[in-house]
Structures are given as structure tokens and as C-alpha cells.
Number of protein chains: 2
Amino acid sequence: MTPSPVSDKRQHVVETAYVLFKRAGFHATGIDRIIAEADVAKMTMYRHFPSKDELIVEVLDYRAKRFDRQLDRLAQEGIPPEQKIGRIFDWHARWFRSPDFHGCLFAHALAEFGDPGHPVFKAVVRQKNGLKRCMRSILEEMMPRGRAESGAAALLMLIEGATLLAQMGQADAAIRDARKAAMGIVAASRKSQ
Amino acid sequence: MTPSPVSDKRQHVVETAYVLFKRAGFHATGIDRIIAEADVAKMTMYRHFPSKDELIVEVLDYRAKRFDRQLDRLAQEGIPPEQKIGRIFDWHARWFRSPDFHGCLFAHALAEFGDPGHPVFKAVVRQKNGLKRCMRSILEEMMPRGRAESGAAALLMLIEGATLLAQMGQADAAIRDARKAAMGIVAASRKSQ
DNA sequence: AAGTGGTGAGACAGGTCTGTCTCATGTCTA
DNA sequence: TAGACATGAGACAGACCTGTCTCACCACTT
């Protein structure tokens, strides 16, 4: 029996590559390492992905989809918007404390693939815009469009900065200060302009 | 005549490496590329730097020193603290608009060298802590120590996030929203807790 | 005039990189 | 039973990587 329509191995390679990329970076992680860790033949990998770059894009899109799903669950209907924002920060706090936290894979990808025309670069932009859009739609529940756009950008920047500080070993202080600043921004934007 | 006590070439290699690292990343930039661009023999490089990693640390420390000098000039005495913060954001706005802006080299270094024990990692932490310390000392002019520490962290996170967004092509909006959020944080922290 | 030290040029070693190719194997389907 | 197909194993090419080494050169000092 074919294990699954478009194969088991493909997804297994993606998940293995994800772990290795996260731990050691993209250029520093070789194809040989990936296929050894995934226990898969080289040709199996190259039959599913035309190149390493395409594999990287696949890994990023896969993680972005997972992240979006978790985000949707946090920001479900029937909860006041402040609480939704709070939950997003809670989620990040848990992430920062997880044993194999190594910073944001998308930010790392941007560092290694700085050419705006590169598919990896575009995948990163997609993910970050998605997160910003999510926060903007939350803020729009309590403030006009323009202010929600600025506020979402501010929240996104705080989160990205907190992720960086967390990677430098200041996770607890970072998430606490970012949350405080975020709540201040939301409260101020709600009241007036 | 010996050109300079510890040689001209050394600094020239550092500056050439800086440009290449900034443009293409650390792992993706080979030694051969650096010496070719610097027009220097390989042995000249290896006589000054024991390894590529040491060169990277040297490049980072060199840029950190330059950055600190510019920062000191911005935050000179006799200026109200709000204005000092404003100037730091102005400086970043100009940086984001500069033609060869490619994001923060230190953040990129963190992405490629995620091991906390690695010298490159430590060099990044030094630089970020320096920037945070600078902003904290500015905030301490107008608020107590504890609040200044949190506020400085928030400002640092906003700046790091803005730099990331700027690299994704949203420089103008990022710096505008980050500045607005920063001023709100400063004003709120000044008044009370 | 002899020596010293930084440098240039490039060969070289040993390893790793991505990506291609061949051939054998097993497994499901018609 | 026969064919189709994904896979395993690994050789292979060609490029690139870091780092070492030798030898010649040249400028300056003593």
C-alpha cells in the first residue's frame, strides 16, 4: 500500500530538515546531514525537492502553516481583543522557555537569504505579514483601521525584538517587558489618537 | 616605511570582510572571496587572524565600536532625554534608507552562530547589551532605575523589530510606528508606574 | 652591505558542498 | 504473473571550503 498519496518520506524529510536548520542554520546544514538524519536516500530527497533552496522554502511554509493554525486557535471568537493579544504573548513566553528554542527560523532565514528576489526571502515576508495581519484584525475590533495598522506593526516589532533577546538568554525579562509595552500601546491606541 | 604600527592590510581586510558579510552572510562568504576582494594574499590574512571565526568576531567588534561612537555623539550632554531617544530613531531612519542597508549584521550573526558558547554569539550579546545600556542611562535621567531598565528593553525590542521590518522593505512604516510606540512608552513611564 | 619582516602568488591537502547517475530491491496494482 | 513505481545505496563530478606551506620579493633598518 502506498503509505500516503504524496508519500510519507517527503514530510519526514521536511520535518527532519526543520530540526537541523533550526539548530545549525541553513548554509551550515548540508544535504548529506539531512538525508542521514532522516534516514533517506539522497535520490528520494531530490525526487521530492528540486533543490536545497526549494526544500528550505517548503520547510518555512510548513512551519508558517503550523504557526497560523496555533494562532487561529488562540484568537478564537468570543474573547475580548486584549485577551487575544495577551494569549499571543503567553504563547511566545512558552515558546521561549521550550528546551529547543533557538530563535525565529524566519528571522534566521532572512539573515542568510537577504536577496529580496529569492524565494526564501519571499517566504519569510509571507509569514511575517501573516502575523501582522492577524494582530491587525484583532486590533480592528477596538480601534479604527489606521490605528490598528500602526498598532499591529508595533506589536510585531516588540515580538520580533523579544524573540531576539530571548535567543540571547534574556527570555523572561524580554517577554515581561514586551508584554507591558504592548498593553500600554493597546490601551493608548484604544482611547484616542 | 612601515605603513602603520600593526599594518594597513589588517584593517583593510576587516573592512572588506564587513561589506561581504553584510551582503551575503557569514557562511556564504568564503575566505577566497574576501582575500580576492581585499586584494590581499591568503597568508597575509591568516597571519593577522588565526581563523575565519576570529575574523568575524573582529569585524563585529569593529562595527560595534563604530556604532557606539556614533551613539555617543547622538546622546551628548545638554539635551533632554526625549530628544536623545528621538535622535536614535532618526539615526536608524537614515540607516534604513541608506542604499546598502541589509539589516542588522549582529542579528544575522546570531542567526548563523546560535551556540551561546561561540565567540561570535558573545560578540553579538556584547553589542546588544551596549545599546540597551545606553538607552537605559538616557531613561534614568527621567525615571527610576527599575522602570528605566524595562523601558530600555522595550525600546531595544522596538528597534530590533523595526530593523527586521526595514529589511523586508517596510522601512518607512516601521520607523514611524516604532518611534510612535517608543514615545508613548517613554511618556507613560515618565508619568507613573 | 647584510639582515629583517611584511607581503604576494599560488600550490596543496583534506574535507564538504550540491546535484546527477546507475543499479538493485521491494511493494503495490492490473 | 508482469509491470509500474517509490526507494535504497552509493559512486561520481565539479566546485568550493578552510587552513598550511613554500618561495620569491621588496622596503626599510642597522
Side-chain angles (χ1 to χ4, degrees), chain A residues 1-60 108-109 111-113 115 118-121 123, chain B residues 1-21 23-60 108-109 111-113 115 118-121:
Chain A
M1 172 197 327
T2 308
S4 128
V6 187
S7 136
D8 247 336
K9 304 269 176 183
R10 184 191 161 88
Q11 189 56 24
H12 183 230
V13 168
V14 168
E15 273 159 21
T16 306
Y18 160 67
V19 173
L20 296 176
F21 286 151
K22 182 175 69 167
R23 194 180 304 156
F26 298 95
H27 285 102
T29 301
I31 294 285
D32 287 344
R33 181 75 198 284
I34 295 171
I35 63 169
E37 205 82 7
D39 201 36
V40 146
K42 193 176 244 185
M43 272 317 289
T44 304
M45 203 222 96
Y46 273 104
R47 235 174 259 121
H48 286 299
F49 308 98
S51 70
K52 185 186 178 183
D53 283 5
E54 294 296 316
L55 171 62
I56 294 174
V57 171
E58 198 83 5
V59 168
L60 293 178
H108 295 177
E112 295 202 48
F113 299 87
D115 172 13
H118 197 286
V120 169
F121 187 101
Chain B
M1 168 196 331
T2 308
S4 131
V6 186
S7 137
D8 248 336
K9 305 268 177 183
R10 185 190 160 89
Q11 189 56 25
H12 183 229
V13 168
V14 168
E15 273 158 22
T16 306
Y18 161 65
V19 173
L20 296 176
F21 286 151
R23 194 180 305 155
F26 298 95
H27 285 100
T29 301
I31 293 286
D32 287 343
R33 180 76 199 282
I34 294 171
I35 64 168
E37 204 83 7
D39 202 36
V40 145
K42 192 175 244 185
M43 272 316 289
T44 303
M45 203 224 96
Y46 273 104
R47 235 176 260 120
H48 287 299
F49 308 98
S51 70
K52 184 186 178 182
D53 283 5
E54 294 296 315
L55 171 62
I56 294 174
V57 171
E58 198 84 3
V59 168
L60 292 177
H108 295 177
E112 295 202 49
F113 300 88
D115 172 13
H118 196 287
V120 169
F121 187 101

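We name chains A, B, ... by the order of the sequence lines, and we start the count at 1 in each one.
- When the side-chain nitrogen and oxygen atoms of B/H48 are compared with OP1 and OP2 of C/dG6, none of them lie within a distance under 4.0 Å.
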Q | A/I56 vs A/L60, side-chain contact (heavy atoms from CB on, under 4.5 Å): CA-CA, chis, key distance, verdict | A | CA-CA 6 Å; A/I56 294 174; A/L60 293 178; 4.2 Å; yes

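- Protein atom CD1 of A/I56 is 9 Å distant from nucleotide atom P of C/dT18, rounded to whole Å.
- Taking every heavy atom of both residues into account, A/A38 and A/H12 meet most closely at O-CE1, 2.9 Å.
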Q: Apply side-chain contact (heavy atoms from CB on, under 4.5 Å) to the pair B/D53 and B/H118, showing each step before the final yes or no.
A: CA-CA 9 Å; B/D53 283 5; B/H118 196 287; 2.9 Å; yes

Q: Run the numbers on B/K42 and B/D32 for side-chain contact (heavy atoms from CB on, under 4.5 Å), then give the verdict.
A: CA-CA 8 Å; B/K42 192 175 244 185; B/D32 287 343; 3.1 Å; yes

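- Distance A/M45 CE to C/dC17 P: 13 Å, rounded to the nearest Å.
- Here the P atom of nucleotide C/dG19 and the CG atom of A/L55 are 10 Å apart, to the nearest Å.
- One interatomic measurement links the two molecules: NE2 of A/H27 to C1' of D/dC16, which rounds to 13 Å at whole-angstrom precision.
- Residue A/V13 forms a side chain to side chain contact (heavy atoms under 4.5 Å, CB included) with just one option from A/I35, A/V40, A/V59, A/T44, and that option is A/V40.
- Counting to the nearest Å, the P atom of C/dC17 and the CG atom of A/D53 are 15 Å from each other.
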Q: Apply side-chain contact (heavy atoms from CB on, under 4.5 Å) to A/E58 and A/E54, showing your working.
A: CA-CA 6 Å; A/E58 198 83 5; A/E54 294 296 316; over 6 Å; no

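- Using bins of under 30°, 30° to 60° and over 60° for the plane-to-plane angle, the ring pair A/F113/A/F26 lands in the perpendicular bin.
- Atom OH in B/Y46 sits roughly 13 Å away from atom P in D/dC21 (whole-Å rounding).
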Between protein and nucleic acid, restricted to nucleotides 8-12 of chain D and to nitrogen or oxygen atoms under 3.5 Å apart, what atom pairs and distances do you find?
residue	atom	partner	partner atom	Å
D/dG8	OP1	A/K9	NZ	2.8
D/dG8	OP2	A/A41	N	3.1
D/dG8	OP2	A/T44	OG1	2.8

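- Listed by chain and number, the residues in a salt bridge (Lys or Arg N to Asp or Glu O under 4.0 Å) with A/K22 are A/D100 (sequence neighbours excluded).
- Heavy-atom distances under 4.0 Å link DNA chain D to B/I31, B/D32 of residues 31-38 of chain B, given in residue order.
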